[in-house]
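Heads up, the thing below is written out as structure tokens.
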Amino acid sequence: MRFCFNFALLKQNHGEMAFDNFSITVKGKKIEFTRPQVMGILNVTPDSFYAGSRMETDDALISSRVMQMLEEGVDIIDIGAYSTRQNADDVPPEEEYRRLSVGLSIIRRLAGDILVSVDTFRADIAERCVCNYGAQIINDVSGGTLDAAMFDTVARLEVPYILMHMRGTPATMQSLTEYADVTRDVIADLSAKMEALRSRGASDIIIDPGFGFSKTVDQNYEMMARLSEFKAMGLPLLVGISRKSMIFRTLDTDARHSLNGTTVLNTVSLMGGAQILRVHDVCVCVEAVKIMGKMLGYDY
């Protein structure tokens, strides 16, 4: 399948392609963002799909990674301890929390009050990271489907929540790729979950279309070509395509050799309305954000 990215339509839909400012409330304080935010990935796992991001729980490695991201201009650090790649080993809750505790302690020691997002689908672990380590954002790849307590927990904690689209589990998601219209179906699913969150009192919701999760390569590119349609939900939009299979399968390579393709799609994402980019490689993403500022009209 071939998809045409319609720049004329993009300009029509977004005026002069100006960046859409957004805000989140953290600990009762409203934070305004006037440019795209770069979210750096910190995987404290031994088996993430991109080997270059595997830190396990070695203090020196984690410290080096955190310092590198800070020096390169990261805005948000997203820490995860449970690999969601296909066929990854299950991680018991206490082991996931142990890994996160090590990483969060280092982040707080080195990075002070930087925004921290904890990548977990388990409500109890999310709560412990918020209460014990001051994590400000919960990033749930399952969109609340793998832990029925997640939505109530988010509402009670009053923290921003990244609502991602996924079907099934990491082990089954690639068998669940049947859609009538992938973009519309994903928006409908996210919209229903947004209403469920709001009915519980949650207000700070960030949406993530879930590139690579329960979508084929072609479906991922169809969503990317229609990314601006997600803006109709009226919520901040996060895109995470860093070194994913939609890139390296298209280029007939692997995750290690997918940095250039990642930068291309991050740029396309910014033109389509993305406000947060989740990436392994902070420096090149910051450069893309700076350059796109000249087109989208924001100052870095």
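In this chain, residues are counted from 1 in sequence order.
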Between [X] and [Y], is there a donor-acceptor pair closer than 3.5 Å when you use the side chain of the first and the backbone of the second?
X: S258; Y: D254; result: yes
X: Y298; Y: V289; result: yes
X: N43; Y: T45; result: no
X: T263; Y: L259; result: yes
X: K215; Y: V182; result: no
X: D78; Y: G40; result: no
X: Q219; Y: T216; result: yes
X: Y221; Y: M246; result: yes
X: Q275; Y: D20; result: yes
X: T262; Y: R243; result: yes

Any luck finding a side-chain donor-acceptor pair between [X] and [Y] under 3.5 Å?
X: D140; Y: S142; result: yes
X: S175; Y: T172; result: no
X: E96; Y: T120; result: yes

Show the nearest heavy-atom pair for residues [X] and [Y], with the distance to one decimal.
X: V282; Y: G73; answer: CG1-C, 4.2 Å
X: V66; Y: A111; answer: CG1-CB, 4.5 Å
X: R65; Y: I41; answer: NH2-O, 2.9 Å
X: S242; Y: H280; answer: OG-ND1, 2.7 Å
X: D75; Y: I114; answer: O-CG1, 3.6 Å
X: L190; Y: P209; answer: CD1-CA, 4.5 Å

With a 3.5 Å cut-off and sequence neighbours excluded, list the donor-acceptor pairs that the side chains of residues 24-34 form with protein atoms.
none

*Evaluation steps, salt bridge (Lys or Arg N to Asp or Glu O under 4.0 Å), between K290 and D299*: CA-CA 8 Å; K290 287 180 178 179; D299 294 324; over 6 Å; no
*Apply side-chain hydrogen bond (donor to acceptor under 3.5 Å, both in side chains) to the pair Y161 and N139, showing each step before the final yes or no.*
CA-CA 6 Å; Y161 176 68; N139 181 12; over 6 Å; no
*Count the heavy atoms belonging to other residues, nucleotides or ligands that lie under 6.0 Å from CZ of R156, then report whether that count exceeds 12.*
yes
*Just wondering, are more than 12 heavy atoms of other shown residues or ligands nearer than 6.0 Å to CD in E158?*
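Result for CD/E158: open.
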Is [Y] reachable from [X] through a run of I, L, V, M, F, W or Y residues, each pair having side-chain heavy atoms under 4.5 Å apart?
X: V286; Y: V264; value: no
X: Y133; Y: V116; value: yes
X: M295; Y: L227; value: yes
X: V141; Y: L176; value: no
X: V38; Y: I291; value: no

*If you round to the nearest 0.5 Å, how far is OG1 of T169 from CG of D90?*
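OG1 of T169 is found 10.0 Å from CG of D90.
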*Nearest 0.5 Å please: distance from the CD1 atom of I77 over to the CD1 atom of I106.*
11.0 Å
*Measure from NZ or CZ of R167 to the centre of the six-membered ring of F213 and say whether it is under 6.0 Å with the direction within 45° of the ring axis.*
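Negative - R167 is either too far from the ring of F213 or too far off its axis.
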_R200 to F151 six-membered ring, cation-pi geometry met (6.0 Å, 45°)_ =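 That pair does not qualify as a cation-pi contact.
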*Answer yes or no: is there a side-chain heavy-atom contact under 4.5 Å between M194 and I207?*
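Sidechains of I207 and M194: no contact.
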_Stepwise salt bridge (Lys or Arg N to Asp or Glu O under 4.0 Å) check, R98 with E94_ = CA-CA 6 Å; R98 184 194 70 80; E94 284 307 313; over 6 Å; no
*Would you call R226-D181 a salt bridge at under 4.0 Å N-O?*
yes
